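Scroll down for the structure; my scribbles are underneath it.
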Protein chains: 4
Amino acid sequence: MEKKHEVKTSVKDENLIEKRRHQMIRAAVTLFKEKGFHRATTREIAKEAGFSIGTLYEYIRTKEDVLYLVCDSIYNEVHDKLSQISAQNGTIEDLKTAIRHYYRVIDDMQDEFVVMYQESKSLPKGALEYVLNKELEMINIFRKILVDCVQNGELRLTEAQTNLYAHTIVVQGQMWAFRRWVLRKEYTLEQFTELQIEFVLNGMGK
Amino acid sequence: MEKKHEVKTSVKDENLIEKRRHQMIRAAVTLFKEKGFHRATTREIAKEAGFSIGTLYEYIRTKEDVLYLVCDSIYNEVHDKLSQISAQNGTIEDLKTAIRHYYRVIDDMQDEFVVMYQESKSLPKGALEYVLNKELEMINIFRKILVDCVQNGELRLTEAQTNLYAHTIVVQGQMWAFRRWVLRKEYTLEQFTELQIEFVLNGMGK
Amino acid sequence: MEKKHEVKTSVKDENLIEKRRHQMIRAAVTLFKEKGFHRATTREIAKEAGFSIGTLYEYIRTKEDVLYLVCDSIYNEVHDKLSQISAQNGTIEDLKTAIRHYYRVIDDMQDEFVVMYQESKSLPKGALEYVLNKELEMINIFRKILVDCVQNGELRLTEAQTNLYAHTIVVQGQMWAFRRWVLRKEYTLEQFTELQIEFVLNGMGK
Amino acid sequence: MEKKHEVKTSVKDENLIEKRRHQMIRAAVTLFKEKGFHRATTREIAKEAGFSIGTLYEYIRTKEDVLYLVCDSIYNEVHDKLSQISAQNGTIEDLKTAIRHYYRVIDDMQDEFVVMYQESKSLPKGALEYVLNKELEMINIFRKILVDCVQNGELRLTEAQTNLYAHTIVVQGQMWAFRRWVLRKEYTLEQFTELQIEFVLNGMGK
DNA sequence: TATGAATGAGCCTTCATTCAT
DNA sequence: CATGAATGAAGGCTCATTCAT
């Protein structure tokens, strides 16, 4: 597990840091979604966040820090939401619930997902590694559910299949965020979810 | 279908345009892959292409034109390669062949795929639409194959399923390009392909 | 003679002012020596001094005030140390003693000397004049000693020579601070001192 | 001997580089003299030089490069001027001529001297070393003249004296540039020169 | 008195684009 | 057609200074 990548701040009040960073992240997501990381200026981010450029830089050191904070915050939020259902007992029903849950999270955080996957390549090396690890953790959540199902006799999968299908489930969920320009025209979230669940379960031999 | 998005040039000689653009695209892919669209400078692109910045601007109008040319060229190359097998007769075997073919193209053009999907959001609006349309065409290739299979009685899918699964097939292929940092460690292209084919066919009820 | 250049403070307690300014000057000399006036930030100065930026500004009005305080303090210290031997009776021996004394002071306060001469140009006009006057006072100390020697018949110098040689003595001492990167390799302070004394006395016709 | 410290340029035409750098150096000396290195902005330098900020940066990489170019150019000019009289035959008269020559150069290039000695501390490490070496070369010019005089029997100096007095001669010349605010009021260059020559020769036992 | 968060003018530097040769 | 020097708008970031607590 990677050590948490720290972002330098010259402010001491922890509560204030929390508050300002929250403002900053909200502003950044809005702007990154609209124009991407590179076209969004630090001045715009500060303004959108409701404070001055000087203040912004009291809480970060480089523009890339903002991106890191955004990615980190999104992953944490996703993790929090997903881990609510992580207590499982290895049934197909659990898997379905988890997928439904995951898809709903993606729907809720569409913009964040798109921003994160589109822009994380601009992170500096250390931060990128940290974020990729978070991605692996997310895949692990599903891998573990699959492993439980296998151990429970609900699914019959090799290890290679287990790993790959965990990725597949995660990726199929991301589709909903990335391809909404076309999928939204044809499916509701519920339709999409149920179709994908059916497909995935069939795919794994029910 | 969108009209082909034109890129202004002040050069008349069509052969020269073709040649220079080819050099330019190769250079741009290399650089975009390495540092992304925004961090690659027009000077670097010109240099990598083997001519001067002045010459570069004889063949394009803006830096975004380079990106457009890159995306367009990649899509065309993919289309060319895929359309070689588009003449089908609606069997499951055809579908498998098409998927294998598609996955091999993705493997061959990993860098190009990643560049295209990561950077196309930086295209100006008109060009973006044109490129998204190309994406739809690609999905259509698979949709048609599925439709053929359905009409042939090889598959039993609703229209909603047909459309969605076309997307799914395309997206699962992209996984190979985007997640190579982790998938490459665990699977060869062949293993990945066969696992995914099995999963997809099962997913669609074989 | 210039009136003492005053530095505004919003603090009343004289003892506190004295104490804080002392801390501040020590900190500033350290930092100016290390990175120069312009590269040292007020924040750093405050931190090095052991209090907050807010407190720093309770005792000064601008960053240049810090520099002024530093220069003023150094000159005062040098004056104090030199004036201990200012009671003279016009012998060559007195001159030698004064020079030895001066050179020792320079050796003790190398960093301060370098800071003062390198950075005083950044003083605001009024403060600069005040400081230049202090420099003249220092030259006067030696001029007076020379005048005494002349009146005593120990030296035979025109007024023009007296003035110039006072400068020369002062400047040759500064050499020890400014050129220590090379002089230190070849001479000890004592060797340097005696060689220069011999040179100066010969120079003035013994 | 240090290798010449190179300054990157993106311009290829050597003549143009020469010309532009000359403009740039003239502009920089003017501004550095007036407000010092740190207070002079790159925009001001470009404007004073007669071209745009963009053009300035075609010929340098950082602001410190400008300072380096200034220092290098000054040293070279001084060297060129001094080396015209470097062919000596070891007489006291040669020494006098060299000193007169040197003092005239200092008088001609007062501003440049002051700028160089005041600001060179802001050079990046590598460049600073290179420039300090130039300073040593200058001292060497006088050291060699002294050595010649000693070998010729015109002067009787130990090696320690020879080295130190070379420094002293150089430093006494710099006085004229640094203390002109006071020396100019009392002496003409000629008076200053002759007094110092007399002093130096006496100092070395005639 | 002491603190430190907030401010924003201003600096250095980059880079897409133009145009004279 | 090709070249590359010139341009300047714009961006990231710093830091002296202020002021509410």
Side-chain angles (χ1 to χ4, degrees), chain A residues 9-13 16-17 19-20 38-47 50-66, chain B residues 9-13 16-17 20 38-47 51-66, chain C residues 9-13 16-17 20 38-47 51-66, chain D residues 9-13 16-17 19-20 38-47 50-66:
Chain A
T9 166
S10 51
V11 174
K12 298 176 177 175
D13 182 332
L16 205 46
I17 294 175
K19 179 183 161 194
R20 293 282 182 252
H38 284 100
R39 291 203 212 281
T41 70
T42 52
R43 271 177 178 78
E44 286 171 322
I45 295 169
K47 189 173 184 187
F51 38 70
S52 71
I53 181 68
T55 299
L56 178 67
Y57 275 90
E58 293 283 310
Y59 295 89
I60 54 162
R61 265 242 285 263
T62 67
K63 190 186 177 190
E64 284 162 343
D65 281 345
V66 179
Chain B
T9 166
S10 49
V11 176
K12 315 286 177 185
D13 183 335
L16 203 47
I17 294 177
R20 292 281 184 247
H38 284 100
R39 292 203 210 282
T41 69
T42 52
R43 270 178 172 80
E44 286 172 320
I45 296 168
K47 189 173 182 187
F51 39 71
S52 72
I53 181 67
T55 300
L56 179 67
Y57 273 86
E58 294 289 319
Y59 296 89
I60 56 163
R61 262 244 280 265
T62 71
K63 190 186 176 191
E64 284 159 344
D65 281 346
V66 179
Chain C
T9 164
S10 50
V11 176
K12 314 286 175 186
D13 183 335
L16 203 46
I17 294 177
R20 293 279 185 248
H38 283 99
R39 291 202 211 282
T41 69
T42 51
R43 269 178 173 80
E44 285 171 323
I45 295 168
K47 189 174 182 186
F51 38 70
S52 72
I53 181 67
T55 300
L56 179 68
Y57 273 86
E58 293 291 318
Y59 296 90
I60 55 163
R61 261 244 280 266
T62 70
K63 189 186 176 190
E64 284 159 344
D65 282 344
V66 179
Chain D
T9 166
S10 51
V11 174
K12 299 176 176 176
D13 183 333
L16 205 46
I17 293 176
K19 179 183 161 195
R20 293 282 181 251
H38 284 100
R39 291 203 211 281
T41 69
T42 51
R43 270 182 176 73
E44 285 172 323
I45 296 169
K47 189 173 183 185
F51 38 70
S52 71
I53 182 66
T55 298
L56 178 67
Y57 274 89
E58 293 283 310
Y59 294 90
I60 54 162
R61 265 240 286 258
T62 68
K63 190 186 176 191
E64 284 162 343
D65 281 345
V66 179

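These numbers were taken from a predicted model, which means no experiment stands behind them. First the proteins, then the strands, lettered A, B, ... as listed; each starts at 1.
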How long is the gap from CZ on Arg43(D) to CG on Leu56(D), to the nearest 0.5 Å? 10.5 Å

Which atoms form the tightest heavy-atom contact between Ser10(B) and Glu58(B), and what is the distance? OG-OE1, 2.8 Å

Option passing side chain to side chain contact (heavy atoms under 4.5 Å, CB included) with Tyr57(B) (candidates Thr42(B), Asp65(B), Thr62(B)): Thr42(B)

To the nearest Å, how far apart are Lys63(C) NZ and dT14(F) C1'? 11 Å

How would you label the contact of Ser10(C) with the nucleic acid (heavy atoms, under 4.0 Å): base, sugar-phosphate, or nothing? nothing

Sorted by position of nearest nucleotide on DNA chain F, 5' first, the leading residue of Tyr57(C) and Leu56(B) is Leu56(B)

Can you check the Arg39(C) CZ to dA16(F) P distance for me, whole Å? 13 Å

If I take atom CD in residue Glu64(A) and atom P in nucleotide dG11(F), what distance separates them, rounded to the nearest angstrom? 17 Å

Just checking Ala46(A): base, sugar-phosphate only, or nothing, at a heavy-atom cut-off of under 4.0 Å? nothing

Taking for Val11(B) and for Leu16(D) the nucleotide of DNA chain F with the nearest heavy atom, the one nearer the 5' end belongs to Val11(B)

Can you check whether Thr55(B) reaches Arg20(B) side chain to side chain, under 4.5 Å on heavy atoms? yes

Closest to the 5' end of DNA chain E, once Lys12(C) and Glu58(B) are matched to their nearest nucleotides, is Lys12(C)

Compare every heavy atom of Glu64(D) with every heavy atom of Arg39(C), then report the nearest pair and how far apart it is. NH2-OE2, 3.5 Å

Assign Arg20(B) to base, sugar-phosphate, or nothing according to its heavy-atom contacts below 4.0 angstrom with the strands shown. sugar-phosphate

Presence of Thr42(A) side-chain N/O under 4.0 Å of dG11(F) phosphate oxygens OP1/OP2: no

dG11(F) base to Arg43(A) side chain: any donor-acceptor pair below 3.5 Å? no

Can you tell me which stems DNA chain F forms, taking runs of 3 or more consecutive Watson-Crick or G-U pairs with both distances under 3.5 Å? E:2-21 with F:2-21

Between dT7(F) atom P and Ile53(B) atom CD1, what is the distance in whole Å? 17 Å

Comparing Phe51(A) with Tyr59(C), nearest DNA chain E nucleotide closer to 5' gives the residue Tyr59(C)

Would you grab the first and last nucleotide of DNA chain E (5' to 3') that comes under 4.0 Å of any non-hydrogen atom in chain B? dC15(E) to dT18(E)

Would you name the heavy atoms of Thr9(B) and Tyr59(B) that are closest together and state the gap between them? OG1-CA, 3.8 Å

Please find the pair of heavy atoms, one from Lys63(B) and one from His38(B), that lie closest to each other, and give the distance. NZ-O, 3.6 Å

Would you give the length of the straight line joining atom CD1 of Ile45(C) to atom CD1 of Ile53(C), rounded to the nearest 0.5 angstrom? 8.0 Å

At under 4.0 Å between heavy atoms, what does Thr41(B) touch on the DNA or RNA strands: base, sugar-phosphate, or nothing? sugar-phosphate

Using whole Å, report how far NZ of Lys47(D) lies from C1' of dT7(F). 15 Å

Could you state the CD1-C1' distance from Ile45(A) to dG12(F), rounded to the nearest angstrom? 11 Å

